[in-house]
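Notes follow once the structure below has been shown.
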2 protein chains.
Amino acid sequence: MPDPAAPVSNLGFAILGLLARRESTGYEVAQRMRQPIGYFWTARHSQIYPELNRLDAAGLVEHEVIEGAGPRPTKRYRITEAGRTALAAWVVGDLDPQPVRDLEILRLWSIWTVEPAAAEDLVSRLEAAHRRTLDRYLEELAEISDSPGVRDPSNPLFASRITLEGGIRSRRTALEWCAWVRAELAAAER
Amino acid sequence: MPDPAAPVSNLGFAILGLLARRESTGYEVAQRMRQPIGYFWTARHSQIYPELNRLDAAGLVEHEVIEGAGPRPTKRYRITEAGRTALAAWVVGDLDPQPVRDLEILRLWSIWTVEPAAAEDLVSRLEAAHRRTLDRYLEELAEISDSPGVRDPSNPLFASRITLEGGIRSRRTALEWCAWVRAELAAAER
DNA sequence: AAATTCATGTAAAGAGTTACATGATTTC
DNA sequence: GAAATCATGTAACTCTTTACATGAATTT
């Protein structure tokens, strides 16, 4: 008995977005929650399996049992028409500004409590991590940018491209900012 | 009986960072968790009061009861030497790359499911919200940028300045990216 | 034969939000 | 006199992570 009145969580819409692109087993959803959707949303399998059951109960996804490994039956999930409708409505719905929750900046906000040399070292380490992430984004973008459809707004690859571009721009900005902070720290040393 | 072995949460370090700058009542900590620390970390009073009690039990803060309004005694909290040491150690400690959790980008990842016109409208709304946030950051930076100490890495205002600068750069990048996305959507319409 | 991957679940605990609760002081 | 602010707490719920649990199929 589907319950269309039950509210869908952000995680639910993340999963609907995945299944709208391609049907998957719960296990595959968990894998796909790393690349590329993991660049802006993550979830573990322990959160995904119950959420799939809720989406199923709400009639937003459906499943068929297929043969596969494991002690329990393997299920392949597919988004329903109701699921597509709910996803599209959520995408264009109201969204109030999200509070930022950034552990790196929280640390740097207390950087005045440590020696400038230790501070510079910290910023260098953050910088290196941002550079690695940027490289991954660039590779991912290169992989899709020649595919047909990347410039068609109704193609999922279009959305993959613009979100990756956003990640690339924000990491480049973070790198520039890190270099600037190091320079500010160094300027004060003399 | 302080328990220095108890691990301190991220919220705990956020509060220690606040109290390292200036002693405060729990109520004031809750107020200060909006501006400017609220730009990268937030918490409600219902989370702050219990955390202050934990920090107190761990010996990282201490309090004195003062006269004030309200049915319960008003407490003024101050960071201890142990608290300062713990904060500084946390600032320069290991930090693995933080997973991004961005609801806006999650939405845009499914933007291919809606009409381009609706997509453009969504991006315009996000853009306007980023612009408002940018303006707040710029005001906040202007307020502190003439203060003595903003260029001294051991002064809390130095940390306020570099974190605000980071917020400004990231919002400017977000605005440019929004304009770029709108152009990409418009280019496909013709 | 051992290790890894496929595959799905539950339990417990921590983090965070919303709602409930109380009452004094200050401002309009 | 009413409303807002000061001030501290608890309860219930949601979201997220970590850990426990099982076992077949595939790879080394």
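Nothing here was measured: the structure is a model prediction, and the numbers come from that model. Proteins come first, then strands; the chains are lettered A, B, ... in the order of their sequence lines, and each starts at number 1.
Within the 4.5 Å cutoff, the side chain of B/Trp112 has no heavy atoms near those of the A/Ser154 side chain.
Nearest to the side-chain atoms of A/Pro50 among the listed nucleotides D/dA7, C/dT8, C/dT10 stands C/dT10. The listed nucleotides are D/dA7, D/dT16, C/dG16; the one nearest the side chain of A/Trp41 is D/dT16. The nucleotide whose nearest atom lies closest to any side-chain atom of B/Pro71 is, among D/dT22, C/dG23, C/dT17, C/dG23. The side chain of A/Gln47 lies closest to D/dC15, out of D/dC15, C/dT8, D/dT8. Distance from the side chain of A/His45 is smallest for C/dT8 among the nucleotides C/dT8, D/dT17, D/dG9.
Between B/Tyr49 and the phosphate of D/dT8, there is a side-chain N or O to OP1/OP2 separation shorter than 4.0 Å. Remark: B/Tyr27 is not in phosphate contact with D/dT8, judged by side-chain N or O atoms under 4.0 Å from OP1 or OP2. A close approach under 4.0 Å does not occur between any side-chain nitrogen or oxygen of A/Arg44 and OP1 or OP2 of D/dC20. OP1 or OP2 of D/dT16 sits under 4.0 Å from a side-chain N or O of B/Arg101.
In this structure, A/Arg101 contributes its side chain and B/Trp41 its backbone to no donor-acceptor pair below 3.5 Å. The closest donor-acceptor contact from the side chain of A/Arg182 to the backbone of A/Ser124 lies at 3.5 Å or more, if one exists at all.
Atom P of nucleotide D/dT17 and atom CG of B/Asp96 are separated by 13 Å, given to the nearest angstrom. Rounded to an integer number of Å, the gap from A/Arg54 CZ to C/dG9 P is 12 Å. Nucleotide D/dT14 holds its P atom 12 Å from the CD atom of A/Glu51, rounded to whole Å. B/Lys75 has its NZ atom 9 Å from the C1' atom of D/dG9, to the nearest Å. The nearest whole Å value for the distance from the CG atom in B/Leu52 to the C1' atom in D/dA7 is 13 Å. The separation between B/Ile15 atom CD1 and C/dA15 atom P is 12 Å, rounded to whole Å. The distance between atom CG of A/Asn53 and atom C1' of C/dG9, rounded to the nearest whole Å, is 9 Å. Rounding to whole angstrom units, CG of residue B/Leu103 and P of D/dT14 are separated by 18 Å.
Counted within 6.0 Å of CD on A/Glu115, heavy atoms from surrounding residues, nucleotides or ligands total 12 or fewer; the atom is thus considered open.
Judged by the 6.0 Å and 45° rule, A/Arg172 forms no cation-pi pair with A/Trp177.
Ring geometry, A/Phe13 versus A/Trp90: the interplanar angle falls under 30°, so the pair is classed parallel (tilted spans 30 to 60°).
Note on A/Arg76: nothing from the nucleic acid sits closer than 4.0 angstrom, heavy atoms only. Within 4.0 Å (heavy atoms only), A/Gly26 reaches sugar-phosphate atoms of the nucleic acid but no base atom.
One donor-acceptor pair, N or O on each side, does fall under 3.5 Å between the base of C/dT18 and the side chain of B/Ser46.
Nearest-nucleotide positions on DNA chain D place A/Leu11 closer to the 5' end than the other of A/Leu11 and A/Gly68.
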